[in-house]
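Keep in mind the model is a prediction, meaning the values are calculated, not measured.
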Amino acid sequence: MGFQRKKSRGICLAAAAFLALTLSGCGRAGERTQGAIQMIGELDYQGALEQLDAAEADGEDGRLVNRARGIAYMGLTDYEQAAFWFEEALGESGGVVQNVDYDLNFYLAAAYTKNGRYSDAEDIYDAVLALRPGEEDAYFLRGNVRLVQGNYEGAKEDFDKVISMDATNYDRLIEIHEVLDYFSYGEVGRAYLQAALDAGDKSMDKYASGRIYYFLGEYQKAYVDLEEAREKGGVESYLYLGKSYEATGDYNYAANVYNSYLEKYDGNAEIYNQLGLCEMARGEYQKALETFQAGMQLQNVTMMQTLSFNEIVAYEHLGDYRQACILMENYLRNYPDDVQAQREYEFLSTR
């Protein structure tokens, strides 16, 4: 049984990019709507929906209520319902385009993307760019949905545009590489990264260069730069530093990197997951299990699916197939579309 690492961004990144928008939304939400938004931030999506029903009954701003409903359904992975409520909110526009309209369109495009309606998502980005031709994020996201539809040339045109708008935005450059790599155009993405290094930009710090070296597969250069920039990028610096050591097979030092983060800072789910994977690689399955479970105990965990799956893997390696099977049944209730987990459940059911 294989582990689950943090899922490759690819088209998932395009779908989720704007879900990081401020949940308080645009305009002034009523008290109940604000309460629902807080629940969404706490991942209590069902409770938020109930609160939003009460907000509607109290006569609070229907547009913001429906916007929040859409976000809650996104959290529940019911993308069809999410799209419906975003469309409802857009339908309540007064005819004058406002910031909230752009916000809603990005959410709607994300829902379409997650629901496989890539052409519809592309149409939305076309419309946004017709009104705001300088909207860098729309070019990037349109490049994502073009790529998933097989339109590599159109996607590359969008990515070239993004880079031309800000060649020193190395976070976005790395995201472009990840998307291209996900769709088997990694060589093109690496060419972008190498060009950034070759440009000799003096403003490029060790945090940026270390991550670029990591994605170029130059792991020793990566960890040298990232050791120097360990505190620069916060948790990301530690993650890439640890992953660079993992890539060279040095799981002991990688584990030390992750543990050093946990000793200094509040817990982080991805750090716990990577540490657990290191323990698995070292054959320390009980430690791995405890590490995955520690990550699951954090509040507002955004990668609960990955941690839950890896917890099951750890139980299986410990020979506790009964517990692994029980947990897999619960996992599939929460994540019924995971084909890998479905196959593994069939195996566990026979043990």
Begin with the C-alpha distance, continue with both residues' side-chain angles, and end with the deciding distance and a verdict on side-chain hydrogen bond (donor to acceptor under 3.5 Å, both in side chains) for D250 and T248. CA-CA 6 Å; D250 193 344; T248 66; 5.3 Å; no

Applying side-chain hydrogen bond (donor to acceptor under 3.5 Å, both in side chains) to E227 and Y245, what does each step give before you reach the verdict? CA-CA 11 Å; E227 282 283 9; Y245 281 109; 3.1 Å; yes

Does D171 form a salt bridge (charged side-chain N to carboxylate O under 4.0 Å, His left out) with R211? I'd like the steps, not just the answer. CA-CA 9 Å; D171 291 336; R211 287 180 297 154; 2.7 Å; yes

Starting from the C-alpha separation in whole Å, work towards a yes-or-no answer on side-chain hydrogen bond (donor to acceptor under 3.5 Å, both in side chains) for D166 and T168. CA-CA 5 Å; D166 186 358; T168 62; 3.0 Å; yes

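At most 12 non-hydrogen atoms from other residues, nucleotides or ligands lie less than 6.0 angstrom from CD of Q220. More than 12 heavy-atom neighbours from other residues, nucleotides or ligands sit within 6.0 angstrom of CG on D198. By the 6.0 Å contact criterion, CZ on R322 is open, its count of non-hydrogen atoms from other residues, nucleotides or ligands being 12 or less. Annotation for E92: atom CD counts as buried by contact number, over 12 foreign heavy atoms lying within 6.0 Å. Heavy-atom neighbours of E87 CD from other residues, nucleotides or ligands within 6.0 Å: above the threshold of 12.
For R69 and D53, the salt-bridge test passes: some basic side-chain N is under 4.0 Å from an acidic carboxylate O. In this structure, D158 pairs ionically with R146, as a charged nitrogen and a carboxylate oxygen lie closer than 4.0 Å. Ion pairing of E187 with R190 is absent here, as no side-chain N (NZ or NE/NH1/NH2) approaches a carboxylate O to less than 4.0 Å. Between K156 and E153 there is no salt bridge, since no side-chain nitrogen of the basic residue lies less than 4.0 Å from a carboxylate oxygen of the acidic one. Using a 4.0 Å cut-off between a side-chain N of Lys or Arg and a carboxylate O of Asp or Glu, E135 and R142 do not qualify as a salt bridge.
Between Y265 and Y238, the ring planes lie perpendicular to each other; the angle is over 60°, past the 30° to 60° tilted range.
From Q274, atom CD reaches atom CD1 of I271 across 8.0 Å, with rounding to the nearest 0.5 Å. Considering OH of Y107 and CZ of R67, their distance stands at 4.5 Å, rounded to 0.5 Å. Distance check: D338 CG to Y331 OH gives 3.5 Å after rounding to the nearest 0.5 Å. Between atom CD1 of residue I176 and atom CD1 of residue I163 there is a gap of 4.0 Å, rounded to the nearest 0.5 Å.
At a cut-off of 3.5 Å, with distance as the only test, no side-chain donor of Y125 or D137 sits close to an acceptor on the other residue. A donor atom on one side chain and an acceptor atom on the other are found under 3.5 Å apart for D201 and Y170. A donor atom on one side chain and an acceptor atom on the other are found under 3.5 Å apart for E246 and Y258. Under the 3.5 Å distance criterion, with hydrogens and angles disregarded, a donor-acceptor pair is assigned to the side chains of D225 and S209. Between the side chains of T291 and E279, no donor-acceptor pair is found at a separation under 3.5 Å.
Among F215, Y207, Y213, the single residue meeting the ring pair (Phe, Tyr, Trp, His ring centres under 6.0 Å) criterion with Y240 is F215.
In this structure the side chain of E218 never reaches within 4.5 angstrom of the side chain of V224, judged on heavy atoms.
Aromatic ring centres of Y219 and Y214 lie closer together than 6.0 Å.
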What pairs of donor and acceptor atoms, side-chain ones from residues 40-48 against any protein atom, are under 3.5 angstrom apart with sequence neighbours left out?
residue: E42; atom: OE2; partner: Q38; partner atom: NE2; Å: 3.4
residue: D44; atom: OD1; partner: G47; partner atom: N; Å: 3.0

